[in-house]
Amino acid sequence: DCFVKADLPADATLEVKVNAPRWITPKTFTVDGKADDRVAILNGSWSIAVLTDWLRSLDVLLYLSGGEGYGLMPLEAMACGTPVIASIHTGMADYMTPDNTLEVPTDGMVESPTYDFRFGYKAFQRKPDGDAVIERLRWAYFNHDALAVLGKRAAADVAALTWDRAGREALAHLQDHVTRR
């Protein structure tokens, strides 16, 4: 919806990556009942190599999760040097900052309709500010050089997030806990 409302030039495209049952995922994106050929819906599981190549091919990753626990997809994009447009909340705040992400504010909480359908209970999620998303999309389209700098900064910021570092930090926490006893 925000991509269409951003009214970007005709060469702007949006690729929507999902990994969902095919009966849930539409084959085409429609606006007012008409297919929009600037939007491609990509469904299925990909190898790490294919995913990495795809992430590196993007100008920007738009990630509007309402309640993602950690957000592996934006972290992977940032590691590939791809800038991210996202709201910074939950575990994503561990690696996203206003200095390395085009931040989208959230407008409070809304009920998540998919939880009733999939899990049988009500859940709430953050609601990204649609006007801010449109503004970030427009900025990203018209500021390629600054966007590339943001992508490099993002890659540098997440480069230190390794399993080795995580292990050392976990060990230090355990050692600290044991010595306090």
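All values below come from the heavy atoms of this structure, side chains included, with hydrogens, waters and symmetry mates left out.
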Check: Under a 4.5 Å side-chain heavy-atom rule over Ile, Leu, Val, Met, Phe, Trp and Tyr, are Leu51 and Leu161 clustered together?
Finding: yes
Note to self: Would a single hydrophobic cluster contain both Phe142 and Val4, if residues Ile, Leu, Val, Met, Phe, Trp and Tyr are joined by side-chain heavy-atom contacts under 4.5 Å?
What the structure shows: yes
Next item on the list: Decide yes or no on side chain to side chain contact (heavy atoms under 4.5 Å, CB included) for Tyr63 and Met73, but give the supporting numbers first.
Entry: CA-CA 8 Å; Tyr63 197 80; Met73 179 71 73; 3.7 Å; yes
Does [X] reach the main-chain N or O of [Y] with its side chain, forming a donor-acceptor pair under 3.5 Å?
{"X": "Asp129", "Y": "Ala132", "value": "yes"}
{"X": "Thr101", "Y": "Glu103", "value": "no"}
{"X": "Arg38", "Y": "Leu14", "value": "no"}

Any non-hydrogen side-chain atom of [X] less than 4.5 Å from a side-chain atom of [Y]?
{"X": "Met109", "Y": "Arg126", "answer": "yes"}
{"X": "Ile134", "Y": "Trp139", "answer": "no"}
{"X": "Val18", "Y": "Leu42", "answer": "no"}

Margin query: Considering only residues two or more places apart or on different chains, which pairs with a residue in residues 157-168 satisfy salt bridge (Lys or Arg N to Asp or Glu O under 4.0 Å)?
Written below: Asp164-Arg168, Arg165-Glu169
Next item on the list: Carefully, step by step, assess Leu102 and Leu150 under the rule side chain to side chain contact (heavy atoms under 4.5 Å, CB included).
Entry: CA-CA 9 Å; Leu102 292 170; Leu150 182 65; 3.6 Å; yes
Next item on the list: Check step by step if side chain to side chain contact (heavy atoms under 4.5 Å, CB included) holds for Met96 and Met78.
Entry: CA-CA 9 Å; Met96 287 183 180; Met78 293 168 74; 4.1 Å; yes
Notebook entry, point to check: What residue among Val84, Val133, Val104 forms side chain to side chain contact (heavy atoms under 4.5 Å, CB included) with Leu62?
Noted result: Val133
Looking only at non-hydrogen atoms, find the nearest pair between [X] and [Y] and report the distance.
{"X": "Ala6", "Y": "Arg138", "answer": "O-NE, 2.8 Å"}
{"X": "Ala155", "Y": "Ala79", "answer": "CB-O, 4.2 Å"}
{"X": "Ser65", "Y": "Ser87", "answer": "O-OG, 3.7 Å"}
{"X": "Ala12", "Y": "Phe3", "answer": "O-CZ, 3.6 Å"}
{"X": "Asn100", "Y": "Tyr95", "answer": "ND2-O, 3.0 Å"}

Only pairs under 3.5 Å count here: list side-chain donor-acceptor contacts from residues 52-61, not counting sequence neighbours, and write none if there are none.
from  : atom 1 : to    : atom 2 : distance (Å)
Thr52 : OG1    : Ile48 : O      : 2.8
Trp54 : NE1    : Glu15 : OE1    : 2.5
Ser57 : OG     : Trp54 : O      : 2.7

Margin query: Can you tell me if Asp145 has over 12 outside heavy atoms packed within less than 6.0 Å of its CG?
Written below: no
Margin query: Assess the residue pair Val39 and Thr13 against the criterion (side chain to side chain contact (heavy atoms under 4.5 Å, CB included)); give the C-alpha distance rounded to whole Å, side-chain angles, the decisive distance to 0.1 Å, and a yes or no.
Written below: CA-CA 6 Å; Val39 178; Thr13 60; over 6 Å; no
Notebook entry, point to check: Rounded to the nearest 0.5 Å, how far does CD of Gln125 lie from CG of Leu64?
Noted result: 10.5 Å
Notebook entry, point to check: How many angstroms lie between NZ in Lys152 and CG in Leu147, if you round to the nearest 0.5 Å?
Noted result: 11.5 Å
